[in-house]
Q: 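Next up is a structure, given as structure tokens.
Here is the naming used below: chain letters follow the sequence lines, and residue numbers restart at 1 for every chain.
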Amino acid sequence: MKITGSELLVKALIAEGVQHLFGFPGGVVIPIFDALFSAPQIKVVLTRHEQGAVHAADGYARSTGRTGVCLVTSGPGATNTVTGIATANFDSVPIVCFTGQVPRDMIGNDAFQEADIVGITRPITKHNYLVLERSDLGRIIKEAFTLAASGRPGPVLVDLPVDVVREPGDPVYPESVAIRGYNPVYRGHAGQIRKAAQALRKARRPLFYAGGGIHISGAVEIFRRIVEKTGVPVVSSLMGIGSLPGDHPLDLGMLGMHGTYQANMAVTHCDLLFAVGTRFDDRATGDLAKFAPEATIVHVDIDPVSISRNVAVEIPIVGDARQVLEQLEPLLEPHSIDGWLRSIQDWRREHPLTVSSQDGLLTPEKIIRAICKLYPDAIVCTEVGQNQMWTALFYTFRHSRSLLTSGGLGTMGYGFPAAIGAQLGNPGRKVIDIAGDGSIQMNIQELATAVHNGLPVIVAILNNGYLGMVRQWQQLFYKRRYSSSCLMTGTDCPPQCPGPGEACPAYTPDFVKLAEAYGAVGMRVRRQEEIEPALTEAGKSRNRPVFIDFIVERELNVFPMVAPGAGIDEMIFSEESRK
Amino acid sequence: MKRVLSMLVENHQGVLSRIAGLFSGRGYNLESITAGVTTDPQITRITLVCQGDDNVFAQIKKQLQKLIDVIKVTDLSEARALHRELALLKVKARATDRGEIFQVADVFRARVLDVGLDSMVMEVTGASEKIDDFSAVLAPYGILEIARSGLISVERGKKQ
């Protein structure tokens, strides 16, 4: 019996075990939404913007490990997904995004709501498809799900002309597909692994560098076992945070521009850097000439492109992080590296992370520490900027897949919709978005989505009235000229504002009223002693999102910091230490 | 340094644009690209010539291999391979110059395809350098148009 393309798509989603679909309808996808109307197995989550749909699917995927699915209409619906897709592509998140397209005979004619979304997303997807034959539909959907979740995962876009989804045809959804140009290597080369094990055994100052690949491949358990067995310390990239519990004595925290002192010093002085599932991003390495100058570098990654791109690698191993570590583990033995660990202890003591001790002062560090204390096992999302770096530094992550943050693309507006997706995928866990007052406004319309789906997500807004990270750079590197970074700027402000003062206009918007207008809970916190009571109260919400507007000190900076272009051991610890 | 890559790719719509887009998007230098179907109608062979140092070239190869529609990438830069390019040249040729131009064409084993009142069209095949030389020698007469195919390459067979 023949079924329509829409019916085949729904059948495919059910076969793939899709429980949540994030989407937004429009002209050419009405037939698909119509088919979904009679598929109770799939919960359709209507976001308020297509970007929110992709980020929600992304947060769902990162937190659960399952593929996130989106469905949007043609033209503007499709182009609105671009930032979300690029975000997922950079951070290797499995997403299948279905976009509607105008009928085949109108493609190329500048039809209403037509966009060449396959052309637009070609460089920001793992792969994409325009389905031109109804008979190809089943195979293409299967390929899309296969590609998205395997190898180095990533977003796959499938563009569906409306006449293809209306057309009756083959009802079969294939169980598997073979793609001859796609053969990701999972198992590491045995000889290379022996070499890596030998290098690790010989090293006097060995260091692991854990990346997001450890979470993606499910390698956390074997990685932790290897760390326990060898006693080798660990630094993490932003995406690798949580590979080892943040309170583990061998965890040195994040490396890079806003890394910890001990992490950056360890990288600079190690004689073996054993990197797993990471890209050696420029924010992590700083000046490449000064990066790990004394080290032999081992690099395990499933994507050969990532190996020896930024940093020359002596022992490359192409493979899946989990499989390679499982192959490696039997070849390793305990290390005696007491001297090295003592140096690390000294660095740790020399420049520990500091929380402003000034009494009563409301600072982001205190808020994040309190969130960590009250909700130590939460899924924490961030936006991008200071809020992101403070979270990476001050929340102690203990679990895999618990920090959801846009690492590569650095997308403001990611965190809140991602939190919605994460909450839907993890109904039993506390989900918290740590936001800035700038970035939360980039997808604030998703408050409606959170309210309508009864999601008790907590959004902690670190409200300083600035685009804080831009302001920090302006303060440190642009003579404190706060050009376009103040979110309170009004018509009465002087043309060249000297910085915050008594005459500053009030904040905009009133997040408490805004939350309430949407039917969410809004709270405002101005003093240190109010932090914990507010967070505790927020945690009691069972089916409503909570916005907490923390009015923090306006001109606080994220330290430590490495100036752009400097080596990662050249750290700044305060405004003064720069001078 | 100039490099030659020969690739087998899926004969899917948009595959050429994926490859060309990879070069433009990542700032690699693409000199020529040719595509044609193989004996299997589902597979296209693409020959491309690009420039880059060893690191860039290693990245280019890996990035190409990463494309889902790319089945196989072979580096023919230093392999025992045959490289050919075809060019069509329209040259200004007054009656008094024709004899000389015929002689030049003969030396380069070019074929004369058309003779007009004041121009000639010639076809020449060979290594890219040969075509460079041929057009350089003809330049004084005045080259009206030139169309080059871009390089196509095939590996030689085993000899032992």
Q: Please name the pair of heavy atoms, one in A:V305 and one in B:Q59, separated by the smallest distance, quoted to 0.1 Å.
A: O-NE2, 3.0 Å
Q: What part of B:E10 lies closer than 4.5 angstrom to a heavy atom of chain A: side chain, backbone, both or neither?
A: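 It is the side chain, since no backbone atom gets that close.
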Q: Is the closest side-chain heavy-atom distance between A:R180 and B:I43 below 4.5 Å?
A: yes
Q: Would you say the side chain of B:R18 lies within less than 4.5 Å of the side chain of A:N128, judging by non-hydrogen atoms?
A: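 Answer yes - side chains close enough.
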Q: Hey, could you give me the CG/CZ distance between B:L22 and A:R122, rounded to the nearest 0.5 Å?
A: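 Nearest 0.5 Å value for the CG-CZ distance: 11.5 Å.
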Q: Quick check: are there more than 12 heavy atoms from other residues, nucleotides or ligands sitting under 6.0 Å from CG of B:D53?
A: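 Check passes, neighbour count above 12.
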Q: Would a 4.5 Å heavy-atom cut-off, applied to side chains only, mark B:K66 and A:K126 as touching?
A: no
Q: More than 12 heavy atoms of other residues, nucleotides or ligands under 6.0 Å from NZ of B:K159: is that the case?
A: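 Correct, the count exceeds 12.
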Q: Where does A:P123 contact chain B at under 4.5 Å (heavy atoms): side chain, backbone, both or neither?
A: neither
Q: Is it the case that more than 12 heavy atoms not belonging to B:K92 sit under 6.0 Å from its NZ atom?
A: no
Q: So, for A:I307 and B:K62, which heavy atoms are closest and what is the spacing to 0.1 Å?
A: O-NZ, 2.8 Å
Q: Using a cut-off of 6.0 Å, state whether more than 12 heavy atoms not belonging to A:H189 lie near its atom NE2.
A: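 Incorrect, the count does not exceed 12.
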Q: Quick one: of A:N183, A:I179, A:V118, A:L147, who has the most non-hydrogen atom pairs under 4.5 Å with chain B?
A: A:L147
Q: At a 4.5 Å cut-off on heavy atoms, which part of B:L67 comes close to chain A: side chain, backbone, both, or neither?
A: backbone
